Amino acid sequence: MLTTKQLQQVHPGYAEYVYRWDYYMRSYMGAEEYRDGAYLRQYMGEDSAPGDQYKQRLLDTALHNHAKVVVDTYRSFIFRNPPTRTLGPLVDNDFALQFVKDTDLDGMNMTQFMREVNDTVSIYGNAWIGTDRPAYQVETAAQEADLGIRAYAMLYDPTCILDWQYGKQPNGAQTLQYIKVVEGQFEDYDCIKIWTPETIEEYIVTKKSMNVDSNYLSMGNANYAKDAVIASYGKIESHTVYDNPLGYVPFHCVMDTKSFHRGIGTSDIGDVCDIQRTMYNKLSELYSNIRLSVHPSIVAEPSAEINGGSGAIIYVDEQTQVQPYLLQPTGASIDGIISAIELDVEAIDAITHLKAVKAKSGSPMSGVALQTEKALLNAKLSDRASMLETAERKLWKDWFQWQGVEQPDEFEVHYEKAFDLKDKHSDLELYRKAIDTVPHDSFVHYLHDQIAKMLVEDEEDLQQIIESIAEDHRNMGIDTPGTEED
């Protein structure tokens with residue numbers, strides 16, 4: 001049994017990255033969460049100015065949430081065609097069907113669950129997935145069905161995994177030997193589970209306070225990271241130990257790009273969040289510049305009578321005997337700020353490979369540059385789809401172990417890994433020019449078939465249209481080339 005001090009200890013990687021994870025999540029969520037992060041630079045004297053000028057600037061500054069756009073765009077491509085699952089004989093297994101329809105016992109089906117995994121990986125850099133099964137002992141499968149006892153999947157973001165440890169096996173493989181999970185967070189207490197290949201320990205421990213010092217963590221203090229205390233726990237209310245029937249820890253770290261710590265990945269939006277923060281500050285400067293240009297400040301003696309108009313009033317000593325006058329910025333910097341923001345947007349599109357997706361008509365990008373951007377994005381999405389497919393296979397493998405079911409040979413999980421990023425409008429224009437340039441009957445017939453394949457999605461309707469086009473050309477005495485799929 002661990003002590004409260006041992007429960008409070010976290011992995012060095014957790015201590016190093018926890019402040020970043022909070023920053024990434026706030027950047028993705030935007031709105032009040034981002035405003036509460038106070039990512040605007042505070043100027044000297046703002047905290048002492050009347051009316052809390054810094055808080056007012058936070059309320060006045062809008063956020064262009066590019067981090068959310070990136071995550072949502074990636075998801076829309078990957079799950080445009082839902083993954084397919086071939087269950088084979090499992091179609092007659094009620095537990096398997098329930099696992100597909102309600103994967104986490106919280107109403108999410110498998111596809112929705114994997115969408116959440118994808119978003120978590122994009123935001124934090126990695127996600128932890130695992131499987132568990134209630135520890136009730138029943139005698140028959142009918143009793144299990146009546147009680148709804150079956151294996152289910154779990155998804156945790158990195159902030160819930162306090163500590164973990166990998167061990168090297170005789171064959172050289174690295175396997176998870178230990179993991180500490182905050183399974184439930186409540187107002188007064190936390191539920192913590194510790195998994196090893198032999199046992200599963202559950203602790204109910206009261207909370208004193210939360211202590212996360214982002215500035216100190218960001219310094220990378222090695223001694224602090226080694227014995228970092230993120231949560232301050234009080235009394236252990238209960239402690240329960242179960243045998244681990246699997247003989248291994250059924251958790252998997254899902255990530256695209258590794259970091260310096262095993263079990264921690266690199267966020268898709270890390271650089272986007274930094275650029276978004278600079279844009280956020282520039283938008284604040286832009287708003288202030290416009291407001292001051294429209295409503296200038298007035299310099300006058302305290303005894304002067306000033307009526308009407310918005311803006312600040314700056315009082316000077318009456319002994320100076322100045323005539324009231326206006327202090328008004330020229331507004332010349334507004335265009336410069338807007339240009340700087342536009343450069344930031346271009347930088348975000350470049351590092352996320354979304355330039356081709358957001359390209360406007362008349363874009364200065366050449367056709368080769370657009371194709372290159374599409375290829376880079378396709379490679380990124382293909383890697384992510386392969387990662388999600390592998391992660392789901394691992395979930396199913398653990399589910400088979402929990403349920404004591406042998407995996408059928410026909411069982412298969414497939415994610416789409418080719419993402420068609422073609423611009424149909426550009427392709428149609430290319431076909432039109434090609435028909436005008438080479439008006440040969442057979443060539444025109446071939447292009448008509450290609451246009452039909454591009455625009456008609458229903459297979460039966462497409463086949464009828466192609467046959468109709470071929471019949472019309474035959475009636476006109478035009479040779480009809482083969483209409484095989486490319």
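This one's a predicted model, so the numbers in the text were calculated from it and none came from an experiment.
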Original post:
Any side-chain heavy-atom pair from Val241 and Glu201 closer than 4.5 angstrom?
Top reply: yes

Original post:
How about Trp402 and Trp399: are their ring centres within less than 6.0 Å of each other?
Top reply: no

Original post:
Is Asn109 close to Val100 at the side-chain level, that is, under 4.5 Å between some pair of heavy atoms?
Top reply: no

Original post:
Side-chain donor-acceptor pair under 3.5 Å between Arg41 and Ser284, yes or no?
Top reply: no

Original post:
Taking the six-membered ring of Phe79, is NZ or CZ of Arg75 closer than 6.0 Å to its centre and within 45° of its axis?
Top reply: no

Original post:
CD of Gln174: more than 12 outside heavy atoms within 6.0 angstrom?
Top reply: yes

Original post:
So do Asp72 and Tyr28 actually touch side chain to side chain, heavy atoms under 4.5 Å?
Top reply: yes

Original post:
If we only count heavy atoms from C-beta on, is the His261 to Tyr17 side-chain gap below 4.5 Å?
Top reply: yes

Subject >> Asp409 CG: over 12 foreign heavy atoms closer than 6.0 Å >> reply: no

Subject >> Closest contact, heavy atoms only, Pro197 versus Gln177 >> reply: CD-O, 3.2 Å

**OP:** Kindly indicate whether the side chain of Asp104, heavy atoms from C-beta on, has any atom under 4.5 Å from the side chain of Tyr152.
**Re:** no

Subject >> Tyr39 ring center near Tyr34 ring center (under 6.0 Å) >> reply: yes

**OP:** For side chain to side chain contact (heavy atoms under 4.5 Å, CB included), just list the numbers for Ile149 and Arg133, CA-CA rounded to whole Å, side-chain angles, deciding distance to a tenth of an Å, and then say yes or no.
**Re:** CA-CA 7 Å; Ile149 298 175; Arg133 190 173 186 273; 4.0 Å; yes

Original post:
Using a distance-only test with no angle check, is there a side-chain donor-acceptor pair under 3.5 angstrom linking Gln98 and Asp94?
Top reply: no

Original post:
Any luck finding a side-chain donor-acceptor pair between Asp344 and Tyr280 under 3.5 Å?
Top reply: no

**OP:** Measure the spacing between CD of Glu342 and CE of Met279 and express it to the nearest 0.5 Å.
**Re:** 10.0 Å

Original post:
Given side chains that start at C-beta, do those of Arg115 and Asn118 come closer than 4.5 Å, heavy atoms only?
Top reply: no

Subject >> Modelled atom types, side-chain donor and acceptor of Asp398 and Tyr248, under 3.5 Å >> reply: yes

Original post:
Ring centroid separation for Tyr233 and Tyr203, is it under 6.0 angstrom?
Top reply: no

Subject >> Thr159 versus Trp21, side-chain donor and acceptor atoms under 3.5 Å >> reply: no

**OP:** Locate the shortest heavy-atom distance separating Tyr156 from Val182; write the atom from each residue and the value.
**Re:** CE2-O, 4.1 Å

Original post:
Is any side-chain N of the basic residue among Glu183 and Lys193 closer than 4.0 Å to the acidic one's carboxylate O?
Top reply: yes

Original post:
Is His64 close to Val345 at the side-chain level, that is, under 4.5 Å between some pair of heavy atoms?
Top reply: no

Subject >> Beyond-backbone contact of Leu2 with His239, side-chain heavy atoms, under 4.5 angstrom >> reply: no

**OP:** Count the heavy atoms of every other residue, nucleotide or ligand shown that sit under 6.0 Å from CG of Asp271, and state whether that count exceeds 12.
**Re:** no

Subject >> CE/Met387: more than 12 non-hydrogen atoms of other groups inside 6.0 Å >> reply: yes

**OP:** Check whether NZ of the Lys or CZ of the Arg Arg150 lies under 6.0 Å from the centre of the six-membered ring of Phe95 and within 45 degrees of that ring's axis.
**Re:** no

